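Structure first, commentary second.
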Amino acid sequence: MSGALAKLSLGEWDDRYAQLKRNGFREPDYGGPLGRHLARERDFRLQSLRFDSSPAALRLWNFLLTENQRLRQARAKGDKIVGTMKDLGTVPVMAYSLPGVRAFYPDGAWWTPCLMEGSDRLLQQAESMGIDASFCPVRAMLPAFQNGEHFPRPDLLICSSGAVCDDFSAIAQRLEHFGHAILWWEMPRRRPPGLGEISCALPGKLAAPKIQVDCVRTELQRLAEALGGLVGQTLDDDRLAEGIHAANRVRRVLGSLRRTVYFAPAAPLPALEMLVTEMLAIHFCSDREETLAVSEELLAEAQARVAKRQFVTTSSTVRIYWVNPVADLRAMNLLEDLGGRLCGSDYMFTHALDLIPEDVPPLDALARTALADPMVGPTSERAARIVRDCRAGRAEALVISRIPGASHCAREGEIIRETVRQELGIPTVEIEVASVCDALLPTLGTRLQALVETARARRKV
Amino acid sequence: MIGAGIDAGSRALKVLLFDAERSQVLACGLADQSVEQERLAAELLAKLLEDSGLNRSQVSAVVATGYGRNAIRFADTTITEITCHARGVYSLAPDARTIIEIGGQDSKVISLEDGGTVRDFAMNDRCAAGTGRFLEMVASRLDVSWEKLAELARQSQRPALISNMCVVFAETEILGLLAEGKPLPDVVAGVQNAIATRVSALAGRLVAPPVYFTGGVALQAGMARALAEVFSQEVRVAPQPQFTGALGAALCAINGATWLNSGPAPGAHSGLS
């Protein structure tokens, strides 16, 4: 990739860090050299990854990799910790509307086996707890709750059930069986409004019948009462409106970042850092205000690079739209090593990136947002959005990353591929990425390289 | 201008020299794959050059493809077997619209545009069912040669139904069928049908006629028939099926296919070497 900004290995980053510090580099209190996460937390995977070279990216990684430590500090300070499971972005908005509450996302433990390259043994322990490899890697969460090493035990645990991931519901039920009380809330399967039903617009150009929005709003009201009870305060409409407004500030920045990076002539930030940044939308990595600051710095970096025409890929790289997050972060590096770049993504939480309506009552707005979750509606609606996004990003190819064992929809990948083929006629590939994909790198590489070659050959036609 | 294509497959390594001026294959050869595949490829290439009265400087470019392509560090570039098989088969059969390639360790279905450009593809590389490895296992278990396997399949009157989709379990099932007195030819034909069924599941909606069958397993008599049955259409065996990948690589070498190449220089990416 001559002419592109070089990415750094872990060792190179630590050298760069030392140089930055000599030059008076200032960073937040969770900052420090990346290499310390390997030494202290045994995050071995960092040795195999290549990172963006900007201080903004360093801040992102340090923010991500210190979440456990930051949560414990927050607890020591007296904050209440709320585990918000499965809804991917709605309940955290409510939790952060209250002072002294931190929401985190225990499901995020699914990346621990990747980061620690299996040395955590979480997946094996999950198996001994009755959840085997036929389930999604998010099963790592189960032993993580038990051993308490990866996040503190939450003061309140909230989980959605119903039209969400079957795997996760089973894992969460198992968790409850082990003595972790869960406040469940029900998510109906989204359907288009029927004849005579009042239609409610949802974010993402979707619609649902009012009866479903009312149902979810009632469920969220129950959660609001529980959250308020946790800190002895009332989570009223004013607080929720402020929380929604603050969440939308983050979403606006992330939206600008996505547009800046994905629509640029070449990628100003790497696919790996973009994946991690987008993930912040789900639960703000346990700190909403810092998420905003981290995202703003990345946006500024991306905008500056675009202005200076400095990119991490060349302009000839193939524009790839990526569906679903990968269990092994290394796959994102691989995409760029093989001549691809992201021009869009749907990591299963697009509803956490869309703006929450601010012109309707707050709980109603949150209910609409929750119902816009791509996982709770028909795959055809998800596919339609992917087609729209592919068009916007001028995608030349599509990658669907299947999550091992996940059962959101057995035919989801094929439905999306077929829709994209029919609507756009671009090549597609479906891959499966395990938590540590080293053994499959050659075959994974062949698929991605073949996709890139196919897209390039089509440019010539 | 002479281009060299090296197809470093999982079971065999193939090398082919193509002369662009005369538009013909000058030489081709294969060897069983080994741990030292780069040395093997270099030796085979040197032998073909010597047999053809050529020297290395007369080869304008070397393209490596196949499972082990990144290990061939002396190649000028690497291109995937998807692109190379498509290029190779299309050069031999320009009417091809679908290519089924079954190799020792994977299988692929490649859909072509009218001009031979790859339209889409599907690959199985996670499971031995649907690959040549299944046939190898059967040959080894029954202690018969690859050629004998094909001959047995031809004698089948009523192919057995192999219900297991896992090669390891299928081995037990095959032994059970033989113990029940099922004729050996019917069991072998049943295995061929099981592979074909697996490939058809992989193909989904990618199959437009004419369909060409390539890769080492295409040499196995009966496999094309089995595929034709599951796809309900004619399946033609590509000429020199073991060499279409190497041919495509040689053609890419001649056509200066660096624009196709997306990845790092051969051997440069630690994860793929």
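Computed from a prediction, not measured in an experiment: that's the story for all the values here. Residue numbering restarts at 1 for every chain, and letters A, B, ... go by the order of the sequence lines.
- For the pair Val429(A) and Phe121(B), the minimum side-chain heavy-atom distance is below 4.5 Å.
- Residue Arg391(A) places its CZ atom among more than 12 non-hydrogen atoms of other residues, nucleotides or ligands, all under 6.0 Å distant.
- If you tally non-hydrogen atom pairs under 4.5 Å between each of Val318(A), Ile426(A), Leu451(A) and chain B, the highest count goes to Leu451(A).
- Atom CZ of Phe169(B) sits in a sparse spot, with 12 or fewer heavy atoms from other residues, nucleotides or ligands closer than 6.0 Å.
- Taking Arg50(A) as the reference, Glu12(A) meet the salt bridge (charged side-chain N to carboxylate O under 4.0 Å, His left out) condition, with sequence neighbours excluded.
- Using a 4.5 Å cut-off on side-chain heavy atoms (C-beta onward), Arg119(B) and Arg421(A) make no contact.
- Counted by atom type alone, Arg69(B) and Thr446(A) present one or more donor-acceptor pairs between their side chains at under 3.5 Å.
- Applying the ring pair (Phe, Tyr, Trp, His ring centres under 6.0 Å) rule to Phe231(B) yields no partners; only residues at least two apart in sequence or on another chain are considered.
- For the residue pair Glu453(A) / Thr83(B), a side-chain donor-acceptor distance below 3.5 Å is found, with atom types taken as modelled.
- The shortest distance between side-chain heavy atoms of Thr428(A) and Asp120(B) falls below 4.5 Å.
- The neighbour count for Arg388(A) CZ, taken as heavy atoms of other residues, nucleotides or ligands under 6.0 Å away, is above 12.
- Taking CD from Gln105(B) and OG1 from Thr443(A), the interatomic distance works out to 9.5 Å, rounded to the nearest 0.5 Å.
- Counting heavy atoms of neighbouring residues, nucleotides and ligands inside a 6.0 Å radius, atom CD of Gln240(B) does not exceed 12 of them.
- If you measure heavy-atom distances from Arg417(A) to chain B, the contacts under 4.5 Å come from the side chain alone.
- Annotation: maximal heavy-atom pairing with chain B below 4.5 Å, among Ala455(A), Pro427(A), Ala397(A), occurs at Pro427(A).
- For a residue to count as touching a neighbouring chain, one of its non-hydrogen atoms must lie under 4.5 Å from one of that chain's; by this rule Glu430(A) does not touch chain B.
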Legend entry - Evaluation steps, side chain to side chain contact (heavy atoms under 4.5 Å, CB included), between Ile82(B) and Gln449(A): CA-CA 9 Å; Ile82(B) 307 282; Gln449(A) 190 179 342; over 6 Å; no
